[in-house]
Engineer: 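This structure is in structure tokens; I'll ask about it shortly.
Side-chain atoms are counted along with the backbone in the values below, which use heavy atoms only and exclude waters and symmetry mates. The shown structure was predicted, so the numbers you read here are calculated from the model rather than taken from an experiment.
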Amino acid sequence: MLLGQCRSVIGILKPELMQLALTSGIKYFPPPKNYDDIVIPERPRLRVFDKVPLYPPNLKPPKMQKRLRYMRGPETVHNTLQLKQYGVVATGGGRLRHEHFEMIRLQVARKLDMKRMFAIWRVDPPWQPVTKKGQGQRMGGGKGAIDHYVTPIKADRIIFEIGGKCEYAEVHDMLRIIAERLPFKAEPISQELLEKKAASEKWCEENNTNKFTLKYIIQNNMGGCHRFISKYDHKWYGKYF
């Protein structure tokens, strides 16, 4: 009896005895984006920057102090995407040397499809001189000779942009690799991510139930914090260093 029941169960589970009811549904595929308004320029590549700025022949290249204020705080001008597409944004201050410009230019030249994409710079060529003394020299003797030139960068500064007939997923890996090789903190960005980030910061500020924020503490000198905080904390409330 038991053997007969087992045979019947095994027979039911055979694939040829099973019946499958196939159903079909309607899938919606969104239409592709329209890129008719985008015009590819004649020179889609990033142009080469000079390693040393050009001065008149009768002018001696001037020397300069460090001026770290050029790297401190947020960028207030070049912090949005002109092409409204993709790029790399700095999240911290630093300096760009000629080697970094060449790294960015070569990476973009290798991995960018010039038939439907292009790139533009959003920073100036190296212009600030950095001096250095030779190894083994004693202290004194005046300021050293100019060693190289740099471009100071503030936080929220757009380094370069990518535009054309492409999606963000196509250029994300290239932008990520370049952002990781920069001498300061940076990240790939798109126009949608910038808008989403700004909306998130605004929502957090409006819906914060804890009134004891760092800004409130500094403005009201709670705990006598004015005695030991930096003058820049009075200006940016601990957001930028």
Engineer: Test side-chain contact (heavy atoms from CB on, under 4.5 Å) on Met114 and Met117; report intermediate values, then the result.
Structural biologist: CA-CA 5 Å; Met114 301 301 172; Met117 304 179 193; over 6 Å; no
Engineer: Is there a side-chain contact between Ile158 and Val88 (heavy atoms, below 4.5 Å)?
Structural biologist: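 Not touching, per the 4.5 Å side-chain cut-off.
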Engineer: Counting only N and O atoms by type, is there a donor-acceptor contact under 3.5 Å from the side chain of His226 to the main-chain atoms of Ile218?
Structural biologist: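 Yes: the side chain of His226 pairs with the backbone of Ile218.
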Engineer: Please collect all ring-ring contact (aromatic ring centres under 6.0 Å, His included) contacts where either partner lies in residues 33-54, sequence neighbours excluded, each pair once.
Structural biologist: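 Qualifying pairs, neighbours excluded: Phe49-Phe101, Phe49-Trp121.
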Engineer: Rounded to the nearest 0.5 Å, how far apart are CG of Leu81 and CD1 of Ile189?
Structural biologist: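 Between Leu81 CG and Ile189 CD1, I get 7.5 Å after rounding to 0.5 Å.
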Engineer: Do you know which two heavy atoms are closest between Pro129 and Pro62, and how far apart they sit?
Structural biologist: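 Scanning both residues, the minimum pair turns out to be CG-O, 3.5 Å.
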Engineer: Is there a side-chain contact between Ile146 and Val52 (heavy atoms, below 4.5 Å)?
Structural biologist: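 No, their side chains stay 4.5 Å or more apart.
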Engineer: Any side-chain heavy-atom pair from Lys51 and Tyr149 closer than 4.5 angstrom?
Structural biologist: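 No, too far: nothing below the 4.5 Å cut-off.
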Engineer: Could you check whether any side-chain N or O of Asn221 sits under 3.5 Å from a backbone N or O of Cys225, counting only pairs where one atom can act as donor and the other as acceptor?
Structural biologist: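 At least one qualifying donor-acceptor pair exists.
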Engineer: Under a 4.5 Å side-chain heavy-atom rule over Ile, Leu, Val, Met, Phe, Trp and Tyr, are Phe160 and Ile38 clustered together?
Structural biologist: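 Per the 4.5 Å side-chain linkage, Phe160 and Ile38 are not co-clustered.
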Engineer: Which heavy atom of Asp50 sits nearest a heavy atom of Pro126, and at what distance?
Structural biologist: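 So the minimum-distance heavy-atom pair works out to O-CD, 3.8 Å.
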Engineer: Decide salt bridge (Lys or Arg N to Asp or Glu O under 4.0 Å) for Glu205 and Lys215; before the verdict, give the C-alpha distance in whole Å, the side-chain angles of both, and the deciding distance to 0.1 Å.
Structural biologist: CA-CA 11 Å; Glu205 185 177 357; Lys215 180 179 180 179; 5.3 Å; no
Engineer: Evaluate whether atom NZ of Lys143 has more than 12 neighbouring non-hydrogen atoms of other residues, nucleotides or ligands under 6.0 angstrom away.
Structural biologist: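 More than 12 within 6.0 Å, yes.
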Engineer: Flag yes if Val171 and Val108 sit in one hydrophobic cluster, no otherwise; membership is Ile, Leu, Val, Met, Phe, Trp, Tyr, and two members link when side-chain heavy atoms are under 4.5 Å apart.
Structural biologist: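 Yes, because Val171 and Val108 connect within a single hydrophobic cluster, where side-chain heavy atoms sit under 4.5 Å apart.
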Engineer: Nearest 0.5 Å, what's the OG-CG distance between Ser200 and Leu193?
Structural biologist: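 The distance works out to 12.0 Å.
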Engineer: Around atom CZ of Arg45, are there more than 12 heavy atoms of other residues, nucleotides or ligands at under 6.0 Å?
Structural biologist: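 For Arg45, atom CZ is not crowded (no more than 12 foreign heavy atoms under 6.0 Å).
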Engineer: Phe29 vs Lys27, test: side-chain contact (heavy atoms from CB on, under 4.5 Å). Steps then yes/no.
Structural biologist: CA-CA 6 Å; Phe29 295 97; Lys27 290 187 177 181; 3.9 Å; yes
Engineer: If you measure from CG on Leu182 to OG1 on Thr91, what distance do you get to the nearest 0.5 Å?
Structural biologist: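 Those atoms lie 10.0 Å apart.
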Engineer: Do Phe118 and Ile162 make a side-chain contact, defined as non-hydrogen atoms from C-beta onward lying under 4.5 Å apart?
Structural biologist: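 SC-SC contact between Phe118 and Ile162 ruled out.
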Engineer: May I ask you to decide if Ser190's main-chain N or O and Lys84's side chain share a donor-acceptor pair within less than 3.5 Å?
Structural biologist: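 No; judged by distance alone, with no hydrogens or angles, the pair does not exist.
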Engineer: Among Arg157, Glu187, His78, whose side chain to side chain contact (heavy atoms under 4.5 Å, CB included) with Val89 holds?
Structural biologist: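 Testing each of Arg157, Glu187, His78 against Val89, the sole residue satisfying side chain to side chain contact (heavy atoms under 4.5 Å, CB included) is Glu187.
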Engineer: Table please: side-chain donor-acceptor pairs of residues 234-241 below 3.5 Å, with sequence neighbours left out.
Structural biologist:
from   : atom 1 : to     : atom 2 : distance (Å)
Tyr237 : OH     : Gln219 : NE2    : 3.2
Tyr240 : OH     : Asp156 : OD2    : 2.9

Engineer: Mind checking what makes ring-ring contact (aromatic ring centres under 6.0 Å, His included) contact with Tyr168, not counting sequence neighbours?
Structural biologist: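 Partners of Tyr168 by the ring-ring contact (aromatic ring centres under 6.0 Å, His included) criterion, ordered by chain and then number, come out as Tyr86, His172.
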Engineer: Partners of Glu195 by side-chain hydrogen bond (donor to acceptor under 3.5 Å, both in side chains), sequence neighbours excluded?
Structural biologist: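 Glu195 satisfies side-chain hydrogen bond (donor to acceptor under 3.5 Å, both in side chains) with Gln191 only.
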Engineer: Go through Glu167 and Lys33 one step at a time and tell me if the salt bridge (Lys or Arg N to Asp or Glu O under 4.0 Å) criterion holds.
Structural biologist: CA-CA 9 Å; Glu167 298 288 340; Lys33 291 185 178 180; 3.7 Å; yes
Engineer: Please find the pair of heavy atoms, one from Arg181 and one from Gln107, that lie closest to each other, and give the distance.
Structural biologist: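 Heavy-atom minimum between the residues: NH1-NE2, 2.9 Å.
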Engineer: Is Leu112 close to Met174 at the side-chain level, that is, under 4.5 Å between some pair of heavy atoms?
Structural biologist: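 Yes - at least one pair of side-chain heavy atoms lies under 4.5 Å apart.
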Engineer: Kindly give the heavy-atom pair with the smallest separation between Gly223 and Phe228, and that separation in Å.
Structural biologist: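 Between these two residues, the closest heavy atoms are O-CE2, 4.4 Å.
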Engineer: What are the two closest non-hydrogen atoms of Arg95 and Leu68, and how far apart are they?
Structural biologist: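 Between these two residues, the closest heavy atoms are NH2-CD2, 4.2 Å.
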Engineer: Output yes when a side-chain donor or acceptor of Asn208 lies under 3.5 Å from a complementary backbone atom of Asn210, and no otherwise.
Structural biologist: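 Yes; at least one donor-acceptor contact below 3.5 Å.
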Engineer: Could you check whether atom CD of Gln137 has more than 12 heavy atoms from other residues, nucleotides or ligands sitting under 6.0 Å from it?
Structural biologist: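 Result for CD/Gln137: enclosed.
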Engineer: Clusters formed by hydrophobic residues whose side-chain heavy atoms approach within less than 4.5 Å: which one holds Phe212, and what are its other members?
Structural biologist: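 The other cluster members (ILVMFWY side chains, heavy atoms under 4.5 Å, direct or chained) are Tyr216, Ile217, Met222.
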Engineer: If you draw a 6.0 Å radius around NZ in Lys185, do more than 12 non-hydrogen atoms from other residues or ligands fall strictly inside?
Structural biologist: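 No - once you tally the heavy atoms of other residues, nucleotides and ligands closer than 6.0 Å, there are 12 at most.
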Engineer: Side chains of Ile153 and Tyr70: does their closest heavy-atom pair fall under 4.5 Å?
Structural biologist: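 No, their side chains stay 4.5 Å or more apart.
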Engineer: Can a salt bridge be assigned to the pair Glu192 and Lys196 using a cut-off of 4.0 Å between side-chain N and carboxylate O?
Structural biologist: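 Here Glu192 does not pair with Lys196 in a salt bridge, since their nearest N and O are not under 4.0 Å apart.
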Engineer: I need the minimum non-hydrogen distance between Gly94 and Phe184, along with the two atoms involved.
Structural biologist: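 Here Gly94 and Phe184 meet closest at CA-CD2, 3.8 Å.
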Engineer: Is there a donor-acceptor pair under 3.5 Å between the side chain of Asn79 and the backbone N or O of Glu75?
Structural biologist: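 A pair under 3.5 Å: yes.
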Engineer: Test side-chain contact (heavy atoms from CB on, under 4.5 Å) on His148 and His98 and set out the steps.
Structural biologist: CA-CA 9 Å; His148 60 275; His98 182 261; over 6 Å; no
Engineer: To the nearest 0.5 Å, tell me how far Ile120 CD1 sits from Gln82 CD.
Structural biologist: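 The distance works out to 5.0 Å.
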Engineer: Passes salt bridge (Lys or Arg N to Asp or Glu O under 4.0 Å), Arg105 versus Glu102? Steps please.
Structural biologist: CA-CA 5 Å; Arg105 187 181 65 83; Glu102 285 297 296; 2.7 Å; yes
Engineer: Within this structure, what is the CZ-NZ distance for the pair Arg72 and Lys154, rounded to the nearest 0.5 Å?
Structural biologist: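 One finds 10.0 Å between CZ of Arg72 and NZ of Lys154.
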Engineer: Got a sec, which pairs hit salt bridge (charged side-chain N to carboxylate O under 4.0 Å, His left out) with one end in residues 115-141, sequence neighbours left out?
Structural biologist: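 Non-adjacent pairs meeting salt bridge (charged side-chain N to carboxylate O under 4.0 Å, His left out): Asp113-Arg116, Arg116-Glu170, Arg122-Glu161.
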Engineer: So if you build clusters from Ile, Leu, Val, Met, Phe, Trp, Tyr with side-chain heavy-atom gaps below 4.5 Å, do Leu83 and Leu175 land together?
Structural biologist: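 No, Leu83 does not connect to Leu175 through the hydrophobic network.
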Engineer: How long is the span from the CD1 atom in Ile104 to the CG atom in Leu96, to the nearest 0.5 Å?
Structural biologist: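 One gets 6.0 Å once the value is rounded to the nearest 0.5 Å.
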